[in-house]
Amino acid sequence: MTLVDLLSAVLYHGYEANEGWTGFPNEGTYIIFGVVLLPIYVMLIAWFAGTPRDTKTGLLGVTYLVSIATSMWVSMLIMTVLIGIIFYGQAPSLF
């Protein structure tokens, strides 16, 4: 047993990184985007289809929502890669 194998056994306890397709299109994705985010969809439609209509404010709200969602997705991607490297010895595979 080499030093790398010994350290791998101690640090990772026999768990390997996942194989195959990593995560996006599964049941949880459909629940989040179809059910949980339904009030957000209604709010966005109301900003542009409701009365009184203020397109400038609606676009400002959309910009805020997109920037917040993007920052959360990017930070979670970075955390996922870091967790994969620290706890499983390699970054998660996409395919």
Side-chain angles (χ1 to χ4, degrees):
M1 181 176 255
T2 65
L3 180 61
V4 174
D5 293 334
L6 180 65
L7 285 175
S8 179
V10 169
L11 292 174
Y12 306 124
H13 304 287
Y15 292 103
E16 297 295 326
N18 62 339
E19 295 180 9
W21 178 256
T22 301
F24 187 74
N26 57 30
E27 297 84 17
T29 303
Y30 300 125
I31 291 173
I32 289 172
F33 284 102
V35 178
V36 175
L37 293 179
L38 185 63
I40 303 294
Y41 303 146
V42 171
M43 178 184 68
L44 287 173
I45 292 169
W47 280 350
F48 295 103
T51 17
R53 220 174 275 164
D54 187 3
T55 306
K56 183 180 175 185
T57 305
L59 290 174
L60 182 64
V62 169
T63 304
Y64 284 148
L65 285 174
V66 168
S67 62
I68 289 170
T70 302
S71 67
M72 288 190 310
W73 279 79
V74 169
S75 63
M76 287 306 297
L77 173 66
I78 293 169
M79 287 302 298
T80 300
V81 171
L82 286 175
I83 288 170
I85 291 170
I86 292 170
F87 292 105
Y88 298 102
Q90 66 184 21
S93 63
L94 294 177
F95 300 103

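Placement of V66 and L38 within a single hydrophobic cluster is found when ILVMFWY residues are connected by side-chain heavy-atom separations under 4.5 Å, directly or transitively. A continuous path of ILVMFWY side-chain contacts below 4.5 Å connects L65 to L59, so both sit in one hydrophobic cluster.
Nearest heavy-atom pair, F48 versus V62, reported as atom, atom and distance to 0.1 Å: CE1-CG2, 3.7 Å. Heavy-atom minimum distance, W73 versus F33: CZ2-CZ, 3.6 Å. Nearest heavy atom pair, residue P92 against residue G84, reads CD-CA, 4.2 Å. Smallest separation of non-hydrogen atoms from V81 and A91: CG1-CB, 4.1 Å.
Y64 belongs to a hydrophobic cluster whose remaining members, ordered by chain and number, are L60; membership requires side-chain heavy atoms of ILVMFWY residues under 4.5 Å apart, directly or through intermediates.
Applying the side chain to side chain donor-acceptor pair (under 3.5 Å) rule to pairs touching residues 43-54 yields D54-T57, sequence neighbours excluded.
Looking at heavy atoms from C-beta onward, L37 lies in side-chain contact with I40 at the 4.5 angstrom threshold.
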Could you walk me through whether V35 and Y30 satisfy the side chain to side chain contact (heavy atoms under 4.5 Å, CB included) test, starting with their C-alpha distance in whole Å, then the side-chain angles of each, then the deciding distance to 0.1 Å, before giving a yes or no? CA-CA 8 Å; V35 178; Y30 300 125; over 6 Å; no
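Taking OG from S71 and CE from M76, the interatomic distance works out to 12.0 Å, rounded to the nearest 0.5 Å.
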